[in-house]
2 protein chains.
Amino acid sequence: MKLSTRGRYGLKAMFDLALNYGEGPISLTSIAERQAVSVNYLEQLISPLRKANLVKSVRGAQGGYMLAVEPQLITVGAILTTLEGPLAPTDCVVIDDADEICDHSRYCVTKVIYEKIYESITSVVNSINLQHMVDDYRLNQKSMIIESICECK
Amino acid sequence: MKLSTRGRYGLKAMFDLALNYGEGPISLTSIAERQAVSVNYLEQLISPLRKANLVKSVRGAQGGYMLAVEPQLITVGAILTTLEGPLAPTDCVVIDDADEICDHSRYCVTKVIYEKIYESITSVVNSINLQHMVDDYRLNQKSMIIESICECK
DNA sequence: TGATTTCTTAGTAAATAACTAGGGATTAAA
DNA sequence: TTTAATCCCTAGTTATTTACTAAGAAATCA
């Protein structure tokens with residue numbers, strides 16, 4: 001039940017872009033430096049985010065990435081599901097192909113539990129957007145807590 | 001963010017024991033047959049459940065396993081965390097060792113999100129116990145839905 | 001005594017995660 | 001117009017984790 005580095009690095013990168021929203025393209029090199037991860041790997045994470053229209057890119061020298069829309073329009077849920085797939089504890093709550101392993105016409109006592117878990121996770125991540133994170137960050141900066149993001153990858 | 005087979009098989013096995021609560025020891029062979037998994041593997045899952053005092057065993061011929069306490073006293077959360085470890089999206093919300101990767105004296109904008117996810121999952125799984133599942137199962141059996149547990153592993 | 005069962009540990013194969021590497025395309029600036 | 005900086009894409013590699021399989025010892029009932 002752990003998030004992979006894809007989701008974690010990707011969320012941090014998106015938060016980085018949110019902090020710099022409105023300031024033109026931010027290069028992956030600079031994000032990678034701040035987060036101590038490789039540019040090559042970050043490229044692989046930003047690619048699906050671009051295809052999902054969460055960021056847009058500017059190519060060439062002095063190019064980079066920026067949020068495609070305002071921070072408050074991008075939820076943590078959109079970011080994480082783009083990078084990790086559905087935040088569901090099992091495939092059976094997500095796959096709705098009739099011919100799958102599980103016959104969905106039947107009632108399953110364990111599936112209802114997994115559905116509740118899925119709903120609760122979805123509810124949390126969809127209720128938080130990048131603007132919330134930015135506000136949270138700036139608030140805690142002001143209240144003398146010097147660093148408001150830990151060095152955890 | 002998926003549960004592994006450990007949690008899924010283990011929960012189904014515990015539900016099986018709950019359905020047969022009060023009827024003496026149930027052999028792993030019979031559980032393994034009903035769920036179409038190997039006895040050897042189930043043994044590895046039931047072992048931690050026994051050490052966590054969720055089931056007790058009777059050794060020898062005609063032996064088997066039974067719930068250690070009443071079904072309503074065993075939560076889905078207790079079962080899943082025994083088999084999967086804490087249902088947390090990251091290690092940083094669970095490890096409280098001061099010398100870990102992450103300096104916990106600092107405020108982290110991503111960590112607070114992971115904590116909220118953790119809390120919401122924990123809240124769901126701790127609110128459901130085996131008796132709930134049994135009641136749910138029997139209710140749906142009565143209402144003409146023949147099979148109330150799907151063959152999903 | 002023999003069959004059945006729990007209990008334990010070691011090993012293994014497959015899948016997934018987490019990158020690394022490299023090269024092409026684009027563009028700003030020198 | 002060249003060069004450096006950047007995005008973009010794909011293939012390959014390594015490490016870790018998952019999901020078992022295997023086998024044998026210990027206990028107990030018939």
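The figures here come from the full heavy-atom set of this structure, side chains too, leaving out hydrogens, waters and symmetry mates. Letters A, B, ... are given to chains in the order of the sequence lines, protein chains preceding strands, and every chain is numbered from 1.
- For B:Lys12, the NZ atom is densely surrounded, since the number of other residues' heavy atoms within 6.0 Å is greater than 12.
- When the side-chain nitrogen and oxygen atoms of A:Ser38 are compared with OP1 and OP2 of C:dT20, one or more of them lie within a distance under 4.0 Å.
- Atom-to-atom, CE of A:Met1 to P of D:dT18 comes out at 13 Å; the value is rounded to the nearest Å.
- In terms of phosphate contacts, B:Ser4 brings no side-chain nitrogen or oxygen within less than 4.0 Å of OP1 or OP2 of D:dT17.
- A:Leu83 has its CG atom 14 Å from the C1' atom of C:dA17, to the nearest Å.
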Discussion item. Between A:Arg8 and B:Thr110, does the side chain to side chain contact (heavy atoms under 4.5 Å, CB included) criterion hold? Intermediate values first, please.
Written reply: CA-CA 8 Å; A:Arg8 302 202 314 274; B:Thr110 54; over 6 Å; no
Atom pairs and distances, side-chain donor-acceptor, residues 42-56 of chain B, under 3.5 Å, sequence neighbours left out:
{"from": "B:Ser47", "atom 1": "OG", "to": "B:Lys51", "atom 2": "NZ", "distance (Å)": "3.4"}

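- Applying the 4.0 Å criterion to OP1 and OP2 of C:dC19, one finds that A:Tyr9 has a side-chain N or O inside that range.
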Worksheet entry | Base-contact (B) and sugar-phosphate-only (S) positions in nucleotides 3-13 of chain D, heavy-atom cut-off under 4.0 Å, - elsewhere | --BBBBBBB--
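- A:Phe15 and A:Tyr137 have their aromatic ring centers within a separation under 6.0 angstrom.
- Distance CG (B:Leu45) to P (D:dT21): 12 Å, rounded to an integer number of Å.
- What you find for B:Pro86 and B:Thr81 is that their closest heavy atoms are CA-CG2, 4.4 Å.
- For A:Thr5, a side-chain nitrogen or oxygen approaches OP1 or OP2 of C:dA18 to under 4.0 Å.
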Fill in: From CA spacing to verdict: side chain to side chain contact (heavy atoms under 4.5 Å, CB included), A:Ile121, A:Ile117
CA-CA 6 Å; A:Ile121 296 172; A:Ile117 295 172; 3.8 Å; yes
